[in-house]
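Everything on this sheet refers to the single structure shown next.
Values below: every heavy atom of this structure, side chains too, minus hydrogens, waters and symmetry copies. Labels below follow one simple rule: chain letters A, B, ... track the order of the sequence lines, proteins then strands, and each chain is numbered from 1.
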Amino acid sequence: MRPRKGVPPVSATGDLNPAQLEAVEHRDGPLLVLAGPGSGKTRVITRRIARLIESGIYPSRILALTFTNKAAREMEERVAGLMPGSRVWVSTFHRFCAQLLRRYGQAVGLQPNFSILDSSDQGALIREVLSEQNIDSSHFSPGKLLGRISKSKSRLQSAEEFAREVLDGRQGNYFDQVVARVYQNYQDLLLRANSVDFDDLLCHVGRMLAENDEIRHDLGERYRYILVDEYQDTNFAQYQIVKMLAGSHRNLCVTGDPDQSIYGWRGAELGNILQFEQDFPETRVVRLERNYRSTKVICRAADALIVNNVRRKAKTLFTDNDEGARIESLFFDDQHLEGEGVSTVIRQIAQKEGRPWSDFAIFYRVNALSRPLELALGRHRIPYQVAAGLAFYERAEVKDLLAYFRLISNPADRLAFQRVVNTPVRGIGKTTVARLMDWADQQGIAPLDAARQADQFPGLTRRATLALGRFAEIINRLSMTPFAGVTPLFDELLKQTGYGTGLDKHDEADLQKLANIEELRNAAAQYDQEHAADPTLQGFLENSSLVADLDSVDEASGKVTLMTLHAAKGLEFPVVLIVAVEEGLLPHDRSLRSESPNEIEEERRLMFVGVTRARERLLLTRTWSRDMRGQRMLSAPSRFLEELNLSGRRDGERKSHDSLARHPPTGAGNDRNELPDPNVDDPAMAGNPVAIDEGGPEAIPSEAFVMKAVKPGRTARIPPEKQVSLPNEPVEAPVTVRPEDRAAASAALSRREREALEAKQRRQSKLGGIPNLTTGAALLGAGGTAESTSSNFRVGMTVRHPQLGVGSIVAASGEGKRQTVTVQFPDGSERSFLTQKSPLQPVGLR
DNA sequence: TTCTTCGGGATTTTT
DNA sequence: TCCCGAAGAA
Ligand SMILES: Nc1ncnc2c1ncn2[C@@H]1O[C@H](COP(=O)(O)OP(=O)(O)OP(=O)(O)O)[C@@H](O)[C@H]1O
């Protein structure tokens, strides 16, 4: 279908260069777009999708795959913008596979309501296997085992195949032999729980396609055009899936940059993109060589860095963008001052150049580095967002509630069962659960059914049996409730389980939990709204399992963005700061220990990715020493600093030792390029860089260097040792100081001591002190505090039981020491207590 | 059975 | 620092 006259095709709107246009116009057959950063690969894919639709291909026959939800969402939106009304399905590999498995999962033994485990569930499952096999988890850490299993799965290897390889080939060491045993058991349990882990999503689909001609054929027919972004990071499983889907029609377009391959550690194989032309000999290769993103300075530095990778094909990349500002390298005493310095610099650049906060991004190698940055930004009142590892869905209360959902959706989900069977506490202890699970496994029934029939199992105490029965009844009732959206079910869940009723509004940690519960409810409401046509519990669960750190990032938030270098791939920001550019962190210690040069090359690519995210300005920071895991470590400048060749010296003159003198003192010339001048004698500049760092070997932070660095003219006038306690270094403002608040006192304590103190306070208040407990009513917004003592109970009063939760007194008899009350709990059950001896506590008096 | 405390160990990156 | 498991107390 040719576009009619006068209507230019989407491809010809004038903002594509000839090479890009060639890729966009390519229609049938394999296409490889091989290009460096900022050259418009993503743009090409988007345009090409639009072009395909325009040329008459049904959107439903196009499959576009990305690695992150964020990338998928953006691509979908852009296509929708270009071709209004056409809805293309852009998906991540994992989501795509999850949906295939919902449909075709029977072929690999999965029911459509299977659960997707998160990594903590995986850990729990591995632990279960380990204890079953009497393997000491301190000798074989769950993480390592899972890592090995993950890699095996990403090679589409089953547990049996792995075991065979280890035993037959005798090429496994002792560790692998243990893995072989654990893997098999782990996989059995997964299947029995009708659950999958992340790698299973790909592995099951890969194996299913390989073994099942019919499904492969159907899907090949269905998806006639396949596009994959960031192809350099595909692992073997993904590679196979793509190859099998495209096998018959060969309409496969992949884009990627070998220099941006940063996921080798999770099984990504650079070979996939390098061999693409062998796999598809008729491939058309398009190279994009012009960078539209970064300044010349940044492109040059990135190139100088990446040429140090030996195992790499050279690539041309040029830009017509401005020369741009110099790359700055800043040097601080420790991570606190680094945080301060970064904050100060950001504020200055923002002011001087009139930039919104959202222009800035801070990247780091490991998540742990974000903490001091966050604190400093907070002190400086700079709004920020973190693409954080331990975000919302990692919180215990969120996982608890989702586990309830999982159990309702998939009664076989043993991990969900184990998580919530005694949350909130119901007096179902570890031994009870262990016995029950054994029994369920023997009978071949789901744990939930076992709980329901617990009275037929003699090995349990009567107490436990009853408690299990009540629990099963709750889940049962929830499952029977006609489904009218996730939100109603959520509310019902809170009501039935009494979850969260024990939380205290006046306790900071509890308040956070309440907020998280509320937030999850919001997520449910949002899901219901977005899927108003057809909301399902499964769908909601799937969304929450597949969210990623990056998904929380919002460009329009007007905030500085913090994230790991890995998360930064594919993004761009006007101003980029990379912190902790130090040996041991970037490149990471782990890669330095490895004998293989691959790992350090991957670290270099990671740095390369970080550097090439910057459009206009790039700042690199490092410290003299840094507290890692509670211990102070001296840090050396990263080798990458030198490789970036920041001073622009040619090769021969690189290692000169007089570079300190070679460059004019800071603030003395335009060499500094408007950078916030660290020499400004401004007391508000706490956390100034100790020195502007040339990054050369001469800058290795030794005592001598630091002393030299503080000489006037080139560095901060404040000696570093004084910087630590500058008079007006921003102090953490105490939040709402209550008269008797002991928080101030506890601030000086270690975390552990503080926790102990807080626990003690809680205990005291529980024992009849000031009952400032939040009731169920309070949770719903009608709270109040009680004034009575524990000796005075009346009918109608709301009381809280530490194990059973909140209930109301429906009957009372006797007086004083003999007083007995009957309490009805939300699940309908009634219990009687001798008030004197009971832990009952009055709450929420009205 | 549950709660608390304490010691030891750690994977760094993620779907 | 953070998390888990062991051990002891209630
Ligand atoms: N022909 C063009 N004209 C103007 N700007 C362009 C053109 N092509 C791409 N750009 C711009 O260049 C920047 C980088 O594009 P894009 O993100 O598609 O590159 P990429 O190759 O995917 O980058 P990376 O591999 O680094 O993630 C974007 O801001 C994009 O708008």
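Nucleic acid contact for A:T432: sugar-phosphate only, since backbone atoms but no base atoms lie under 4.0 Å from a heavy atom of the residue. Among the protein residues, A:Y263 comes within range of the sugar-phosphate backbone only, with heavy atoms under 4.0 Å from sugar or phosphate atoms but none that close to a base.
Following rounding to the nearest Å, A:F140 (CZ) and B:dG9 (P) show an atom-to-atom distance of 15 Å. Regarding A:L146, its CG atom lies at a distance of 15 Å from the P atom of B:dA10, rounded to whole Å. In this structure, A:M633 places its CE atom 13 Å from C1' of B:dA10, rounding to the nearest Å. To the nearest angstrom, P of B:dC3 lies 13 Å from CZ of A:R426. Look at CG on A:N235: it is 12 Å from C1' on B:dT14, rounded to the nearest Å. Rounded to whole Å, atom P of C:dA7 lies 11 Å from atom NZ of A:K430. Here the C1' atom of nucleotide B:dT13 and the CD1 atom of A:I600 are 15 Å apart, to the nearest Å. Rounded to whole Å, atom P of C:dT1 lies 13 Å from atom CE of A:M628.
Distances were taken from every side-chain heavy atom of A:R371 (C-beta onward) to each of B:dT14, C:dC2, B:dT13; the shortest belongs to C:dC2. Here B:dT13 is the nucleotide among B:dT15, B:dT13, B:dT12 with the atom lying nearest to any side-chain atom of A:H566. The nucleotide whose nearest atom lies closest to any side-chain atom of A:T68 is, among C:dC4, B:dT15, B:dT13, B:dT15. Taking only side-chain atoms of A:N422, from C-beta outward, the nucleotide of C:dC2, B:dT2, B:dT15 with the closest atom is B:dT2. Closest to the A:R127 side chain, of the nucleotides C:dC4, B:dT15, B:dT13, is C:dC4. Set against C:dC2, B:dA10, B:dT15, the side chain of A:R629 has B:dA10 as its closest nucleotide.
Residues in residues 195-209 of chain A take part in these salt bridge (Lys or Arg N to Asp or Glu O under 4.0 Å) pairs, two or more places apart or across chains: A:K153-A:D197, A:K153-A:D200, A:E161-A:R207, A:R207-A:E211.
The phosphate of B:dT12 has OP1 or OP2 within less than 4.0 Å of a side-chain N or O from A:R590. Proximity of A:N367 to the phosphate of B:dT13: a side-chain N or O atom is located under 4.0 Å from OP1 or OP2. When the side-chain nitrogen and oxygen atoms of A:S545 are compared with OP1 and OP2 of B:dT15, none of them lie within a distance under 4.0 Å.
Near DNA chain B, meaning a heavy atom under 4.0 Å from it, residues 578-588 of chain A has A:H588 in order of number.
Residue-nucleotide stacking is present for A:W265 and B:dT13, judged by a side-chain ring centre under 5.5 Å from the six-membered base ring centre and planes under 30° apart.
Across B:dT13 and C:dC4, the matching P atoms stand 16 Å from one another, rounded to whole Å.
Proximity of a side-chain donor or acceptor of A:E583 to a complementary backbone N or O of A:R639 within less than 3.5 Å is detected.
Under 3.5 Å, the side chains of A:Y393 and A:D118 contain no donor-acceptor pair of N or O atoms.
Take the nearest nucleotide of DNA chain B for A:E602 and for A:I428: the residue whose nucleotide is more 5' is A:I428.
A salt bridge links A:R365 with A:E603: at least one charged nitrogen is closer than 4.0 Å to a carboxylate oxygen.
Contact annotation: the side chain of A:Y183 never approaches that of A:R148 to less than 4.5 Å [non-hydrogen atoms, C-beta and beyond].
With sequence neighbours excluded, the residues satisfying side-chain contact (heavy atoms from CB on, under 4.5 Å) with A:R311 are A:N598, A:E601.
No option in A:R626, A:R622, A:R371 other than A:R626 meets the salt bridge (charged side-chain N to carboxylate O under 4.0 Å, His left out) test with A:E338.
Note that the CZ atom of A:F67 and the CD atom of A:E230 stand 7.5 Å from one another [nearest 0.5 Å].
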